[in-house]
Amino acid sequence: MSIELLNQKKGPEISKYIYGQFSEHLGHGIYGSLYVGNNSDIPNVNGMRSDVVDALKQIHVPVLRWPGGLFADTYHWQDGIGPKDTRKKIVNTNWGDVTEDNSFGTHEYFELLRQLGADAYINANIGSGTVQEMAEWVEYMTMAGESPMSKLRQKNGRQDPWKLKFFGIGNESWGGGGNMRPEYYSDVYRQYQTFLPQYDKDHPIYKVACGPNEADYNWTDTVMKLAGQYLDGISLHYYTLPTGKWGWDKGDATDFPEDQWQSTMVRAKHMDELITKHSTIMDHYDPDHKVDLIIDEWGTWYDVTEGTNPGFLQQQNTIRDAMVAAITLNIFHKHADRVHMANIAQMVNVLQAMILTKGDKMIKTPTYYVFNMYQKHMDAELVEGVGDVPENVTYTASQKNGQLTISITNYDLTDEKTVDFTEANAYNQIESATILTGEEMDAHNTFENPDVVKEAKFEGATLVDGKLLLELPAKSVVTITLK
Ligand code: AHR
């Protein structure tokens, strides 16, 4: 099988924001994992857990969506500012009915972003909040001059405004975010965005509207028609469930039959059809591509780990998840002209996480390593390829700074695959070659054995006369950079 890479043709830029993350007030997604508080025995900087932050810094998280998710539509930001001992304790009704003490609030979120070097993506509360509450939150965060909210921010210890890059108006407003019809939501969106203050005229806040659930094309059509002129991005939520029954029917994260491996791959690849069809609708209302598609929730969703709180959505992460991550990132790249941001759900301890923690222990998941291996694609130019791709193989290619990076996934359970790439502009040296693979289809890392699945040097690549030959083991993700 031979693929020609058309690297003389100018492709769209793969936005680094496609590698975005999402952290919600959900289970141990924030508390105990990202945030342990200043008085914790676990080493931390200003309450942020150092081992976790250090690991995330290595993958250069570009943006972090917060505070939800469903939690966003019950979140009242004023509960999470000021002295910690006076902050309101509430019940997290979406996720396990546990006490939320609001010790992680706006100031802590921006401190975490500072440590990670990530941009902000905040989701407003339009479900149980008000237009004024939203407007005042944005004033609190971004007003440089004198105003009631900037004075309150300063009283709470922050002199300068923060940079608010992305702002979501509504989360799953078709469901848990208000059970709205698209016509009604469009009007609500228009109203909220009208009162979103833009104090920094040179860097206006990027507005994201709530988009469809999976294949709800009517939602996209209606919102684009009625509100399309008022938004910068529209979101899409799609989760990969393994059972293949096309319903909200999940399966086990580690103990699964071979046919669930296959159906998980089919479900992951479905993202391509969803993006294609939603983009076609967007093209109709927005032929100049002024509006982006933002996949701000994606990833695998299994039954929770036995013995854990069902409301905490804690699941293991295997080499199967690494395949899903790679397949999905390849699809996002393919649609780089429309997809500007994506946020995997969720960064730590929840659903398809990068990192799992238990007490003071921490492990990196197979998904973490895919994000690590794909870093050179961030802000690189997409390179199109033509030719035959073997069954159960997907790939992506991009170039940046005189280097060509190819990532290729063989999700076949048993068979090795051979693929060769030719480049129109021949590169003549392998700069780096990395592989992630697992012996068994449920290979995963545990707190006892943290390095079962991890990146290794890939030895199956040869480059001769501008032709790159790859021998890909079964169940593998490989990234090669040529120069
Ligand atoms: O990511 C978990 C939940 O999934 C989010 O809170 C919600 O938006 C979605 O249904």
Side-chain angles (χ1 to χ4, degrees), residues 20-31 33-34 63-75 90-98 100 104 109 121-129 166-180 185 189 208-216 219 223 233-242 247-250 253 267-268 271 274 293-305 308-317 321 324-325 328 341-356 365 367:
Q21 302 279 338
F22 169 36
S23 286
E24 180 168 9
H25 289 241
L26 193 178
H28 296 298
I30 293 176
Y31 294 112
S33 53
L34 288 165
V63 59
L64 179 63
R65 180 173 182 244
W66 174 80
L70 291 176
F71 182 77
D73 278 307
T74 57
Y75 184 59
I90 60 158
V91 178
N92 188 333
T93 48
N94 283 297
W95 305 116
D97 284 342
V98 294
E100 160 66 58
F104 188 92
Y109 169 66
Y121 177 16
I122 286 188
N123 223 105
N125 175 355
I126 70 162
S128 64
F166 300 98
F167 197 64
I169 300 177
N171 169 73
E172 301 196 346
S173 305
W174 34 261
N179 283 305
M180 300 178 197
Y185 169 74
Y189 174 84
V208 182
C210 168
N213 180 31
E214 304 187 355
D216 184 351
W219 183 279
V223 174
I234 182 167
S235 68
L236 163 66
H237 286 186
Y238 174 63
Y239 284 97
T240 302
L241 277 64
W248 204 243
D249 189 5
K250 306 191 280 289
R267 293 287 299 252
M271 182 69 90
L274 291 173
L293 190 59
I294 306 293
I295 298 95
D296 58 15
E297 286 188 30
W298 68 275
T300 53
W301 195 322
Y302 309 124
D303 296 335
V304 298
T305 305
T308 62
N309 187 326
F312 284 11
L313 310 187
Q314 204 276 354
Q315 64 188 38
Q316 248 299 356
N317 195 296
D321 294 79
V324 171
T328 307
M341 175 162 65
N343 308 79
I344 189 169
Q346 299 190 3
M347 190 158 73
V348 185
N349 285 334
V350 175
L351 300 176
Q352 190 174 351
M354 306 295 116
I355 284 172
L356 300 177
T365 66
T367 301

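Order of listing sets the numbers, starting from 1, for every ligand and every atom in it.
- Ligand 1 places these atoms under 4.0 Å from at least one heavy atom of W301: 4 (O).
- Taking distance alone, with nitrogen or oxygen atoms compared against 3.5 Å, W95 stays at or beyond that limit from ligand 1.
- Proximity of a side-chain donor or acceptor of S235 to a complementary backbone N or O of I294 within less than 3.5 Å is not detected.
- For Y302 and D321, the side-chain atoms include at least one donor-acceptor pair closer than 3.5 Å.
- Interface of L351 with ligand 1, defined as ligand atoms under 4.0 Å from a residue heavy atom, comprises 1 (O), 2 (C).
- Backbone and side-chain nitrogen or oxygen atoms of L70 are examined, and one is located within less than 3.5 angstrom of a nitrogen or oxygen of ligand 1.
- Counting heavy atoms closer than 4.0 Å to ligand 1, residue V350 contributes nothing at all.
- Assignment of F22 to the shell around ligand 1 is supported, since a heavy atom sits closer than 4.0 Å.
- Applying the 6.0 Å contact sphere to NE2 of H237 captures more than 12 heavy atoms from other residues, nucleotides or ligands.
- Checking each of T93, V91, L26, N92 against V98 for a side-chain contact (heavy atoms from CB on, under 4.5 Å) leaves exactly one that passes, namely N92.
- Those atoms of ligand 1 that come under 4.0 Å of a heavy atom in E172, given as number and element, are 7 (C), 8 (O), 9 (C), 10 (O).
- Side chains of Q352 and T240: a donor-acceptor N/O pair is absent below 3.5 angstrom, by distance only.
- Applying the 4.0 Å criterion to heavy atoms of Q346 picks out, from ligand 1, the atoms 1 (O), 2 (C).
- Residues F71 and W95 approach most closely at N-NE1, 4.2 Å, considering heavy atoms.
- The shortest non-hydrogen separation linking Y121 to G168 is CE1-N, 3.6 Å.
- Going from atom CH2 of W174 over to atom CD of E214 covers 7.5 Å, rounded to the nearest 0.5 Å.
- Only side-chain heavy atoms of Y239 come within less than 4.0 Å of ligand 1; its backbone N, CA, C and O stay farther off.
- The shortest N/O to N/O separation between H237 and ligand 1 does not fall below 3.5 Å.
- Polar contact check, N171 against ligand 1: a nitrogen or oxygen pair lies under 3.5 Å apart.
- Set against the non-hydrogen atoms of E297, the atoms of ligand 1 under 4.0 Å away are 1 (O), 3 (C), 4 (O), 5 (C), 7 (C), 8 (O), 9 (C).
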